[in-house]
2 protein chains.
Amino acid sequence: MPRAPQRSETMSIARLAKHLGLSEGTVSRALNNYPDIADKTIARVRKAADELGYRPSTTARRLARGVVETIGFVLPARHGHQIDPFLAEILDGLATELALSDWDLLVAAVPEGHDEVEVMDRLIRSGKVGGFVIARTRRHDPRIDYLRKSHIPFVVQGRTEDCDDYAWLDIDNEKAFIDAMGHLVGLGHRKIAYLGGDPDLNYAWQRRSGYLSAAKTHGCDVLDGYLHDGITDEMAARHAVADLLKHPDRPTAILCVTDAVAIGAIHALAHAGITVGEEISVIGFDGLPMGEAIHPGLTTMSQASYQVGRAVGRIVVEQANAPASEFSQILWEATLTIRGSANPPAPKLVTNAKGGIS
Amino acid sequence: MPRAPQRSETMSIARLAKHLGLSEGTVSRALNNYPDIADKTIARVRKAADELGYRPSTTARRLARGVVETIGFVLPARHGHQIDPFLAEILDGLATELALSDWDLLVAAVPEGHDEVEVMDRLIRSGKVGGFVIARTRRHDPRIDYLRKSHIPFVVQGRTEDCDDYAWLDIDNEKAFIDAMGHLVGLGHRKIAYLGGDPDLNYAWQRRSGYLSAAKTHGCDVLDGYLHDGITDEMAARHAVADLLKHPDRPTAILCVTDAVAIGAIHALAHAGITVGEEISVIGFDGLPMGEAIHPGLTTMSQASYQVGRAVGRIVVEQANAPASEFSQILWEATLTIRGSANPPAPKLVTNAKGGIS
DNA sequence: ACTCTTTCCGAAAGCGGTTTCGGAAAAGAA
DNA sequence: TTCTTTTCCGAAACCGCTTTCGGAAAGAGT
């Protein structure tokens, strides 16, 4: 005799079946719409299940069916301290979408001393998740190398450099930055500097490429000292701006890889007594709400993070259901949000004067 | 004969046992440190398990053990559009801490047309979670009423008004705002206005109380029109500030329920041509990094969200392991972060003059 | 050499569902 | 009415792991 677990009073299919005078199998099939159960029986079972508040144990169901309707999301190791606000919104959208298909979202962190792939491997091997969504993609990403071999469905928010054998949804970062450059050039700027992020992260790389390619197209010289990489926080942004201000041929506009960097830049400029949006224009990327709260408002390229999360969720579930279909690979465009931080450059004659004239 | 599921090639305990020439039971007990297994057998099993990359299926384990090492977190219904940055950090800390005890974090959203308690109920009944962490607590919170009856472990970040029969961890919001007021009074302010949030949310209520109580203590009159409730976004903050500026007895300082509101207020003030930190001082609460990025830097009360998440995670696991121990109820203090937005009020003589003199 | 303990492992019964299979009862055909 | 189909449900075998129980093998005691 095994133990006598005295399982709690939760309503099980056994109890339900006894209550109805039916076999467990019949009840199960009734609840799962099998064609060989009489309609009135189905109705009767449904009713009783509702009344008794029966919910099949997902654990048991998973064991029997051998599938896990849970997708995993591994929080990127916190490089700084702060979680990306963009990620929070994606998570929200993801959870919302998954709920619609009755899937769950398992969020995991990477413990000190481990890496992301390790965490993902454990999640898969222990059968906790049946799919993955990953974000903050690197140009070449070991997580994706791993997932390719793992044969479980996954969708990438962003993409790697070689990305034709898996599903992804990305913002067209390159085009966005070409557009942003177009906007600045349209305003009359030619001397445009760039504050870029970690070039290993693919989005940063793509945006950088967009900047460079547009600069070439429009004949804007990227002077020595105009292009800064690795700007990932406030401090770095300030230093970079300080450098730019000392530049013999001071730029009239600064394009920034993210809103966070742009805000840092604006702060640094303001601190140096520069009127942002007049003496120097600034453009960011993200469309964070705080871009609206600062002064001047931040002109930026906005992306719909929440919607990205939802779309990614939809795709991953589709993929889990449709075994070997095509990989959906989707490119979304960012939209320009014009606020006060980017305007035509100050006319040359007054660049040396103190007060800027509009 | 049942189906022939041709289960995938995952290493199961059965295969491991066969490989070792042992019974499944023995292998299981060996891996779980039962005292009745020879040490060398344990070693042998461990080794083989490692080599073959065996990980027990958590699904099967759960079913057999009848426990679910997963805690649920229901994302608060998105009142606005944006997820609270504070929450994101808590989630991060929570996931990190849970990972240490091999627990999982299940994040759920509330689908349109449903409410949070419903979602929680489904998660419990279907056995997906074995505990909860909840945040954004209301003064009186239906989620907690529900959980009290549910007999599953849970920890609240924040607390309700009657809160002695469950575990919680809260910031001492009242004291924080008393301290903030003390700071302002110490700087010389007496005419201090307050921009409060949704008074149903307990933290907003507590902060409001702190403001009022300190105002009384220090003999600061809370004039008609000084106290604004329900300021939850940028727009509301701007309107409120506009009102304050029209006030016949204009306040010299504004205390704000959150950093977000404070930043909105600063923006509005700047827009109106007021020098923040000279003509009018502003204090916020949260310690968001963006408070550092704006100009002037936001003086604020900081709370360590990530640490809150970790602590809450630790508590909920403890509680799940120690059946009927005491409820831990913890109060943390926020710390004052002084930046540029709060300074002594401008001397009376020059309040009518144009340029502020330091 | 022969009990009495210990030590260590196998057998087997679940956990709560799902799914295949076969067959009794009901319905249709002859 | 009798034979053939259908319709509908019960029986039973898992899913992969845990845990109790009993007993064979090995060591200890005399």
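Computation of the quantities below employed the complete heavy-atom set of this structure, encompassing side-chain atoms and omitting hydrogens, waters and symmetry-equivalent molecules. Order of the sequence lines sets the chain letters (A, B, ...), proteins ahead of strands, with each chain counted from 1.
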Would you mind checking if B:D102 and B:R61 are paired as a salt bridge, meaning a charged N to carboxylate O distance below 4.0 Å?
->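 Not counted as a salt bridge, because no side-chain N and carboxylate O are separated by less than 4.0 Å.
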Please figure out whether B:A60 or B:V27 has its closest DNA chain C nucleotide nearer the 5' end.
->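 This one resolves to B:V27.
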Heavy atoms from C-beta onward define the side chain here; which of [options] lies closest to that of [X]?
X	options	result
B:L63	C:dG10, C:dT18, C:dC15	C:dC15
A:S12	C:dG16, D:dC17, C:dG10	C:dG16
B:R29	C:dC15, D:dT20, D:dG10	D:dT20
A:Y54	C:dG10, D:dC17, C:dG17	C:dG17

Taking [atom1] from [X] and [atom2] from [N], how many angstroms apart are they, rounded to a whole number?
X	N	atom1	atom2	value
A:I37	C:dA26	CD1	P	16 Å
B:Y34	C:dT7	OH	C1'	17 Å
B:R44	C:dC8	CZ	P	14 Å
B:K40	D:dA26	NZ	C1'	11 Å
A:L31	C:dT18	CG	P	8 Å
B:R62	C:dG14	CZ	P	24 Å
A:D36	C:dA24	CG	P	17 Å
A:I13	C:dT19	CD1	C1'	12 Å

Heavy atoms under 4.0 Å, any strand shown: does [X] hit a base, just sugar-phosphate, or nothing?
X	answer
B:S57	sugar-phosphate
A:T59	nothing
B:T26	base

What closest approach, in Å, do B:R46 and B:L31 show between heavy atoms, and which atom pair accounts for it?
->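 Closest heavy-atom pair between B:R46 and B:L31: NH2-O, 3.5 Å.
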What heavy-atom pair brings A:D164 and A:F327 nearest, and what distance separates the two atoms?
->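 Result for this residue pair: O-CD1, 4.4 Å.
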Got a donor-acceptor pair under 3.5 Å from the side chain of B:R65 to the base of C:dG14?
->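 No pair found.
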May I ask you to verify if any side-chain N or O of A:N32 is less than 4.0 angstrom from the OP1 or OP2 atom of C:dT18?
->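 For A:N32, the contact criterion (side-chain N or O under 4.0 Å from OP1 or OP2 of C:dT18) is met.
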Side-chain N or O of B:T41 closer than 4.0 Å to phosphate OP1/OP2 of C:dC9 |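 Answer is yes, contact under 4.0 Å.
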May I have the step-by-step check of salt bridge (Lys or Arg N to Asp or Glu O under 4.0 Å) for A:D50 and A:K47, ending in yes or no?
-> CA-CA 5 Å; A:D50 270 5; A:K47 183 149 162 288; over 6 Å; no
Side chain to side chain contact (heavy atoms under 4.5 Å, CB included), paired with B:L22, selected from B:L16, B:V27, B:I37 |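 So the option named by the test is B:V27.
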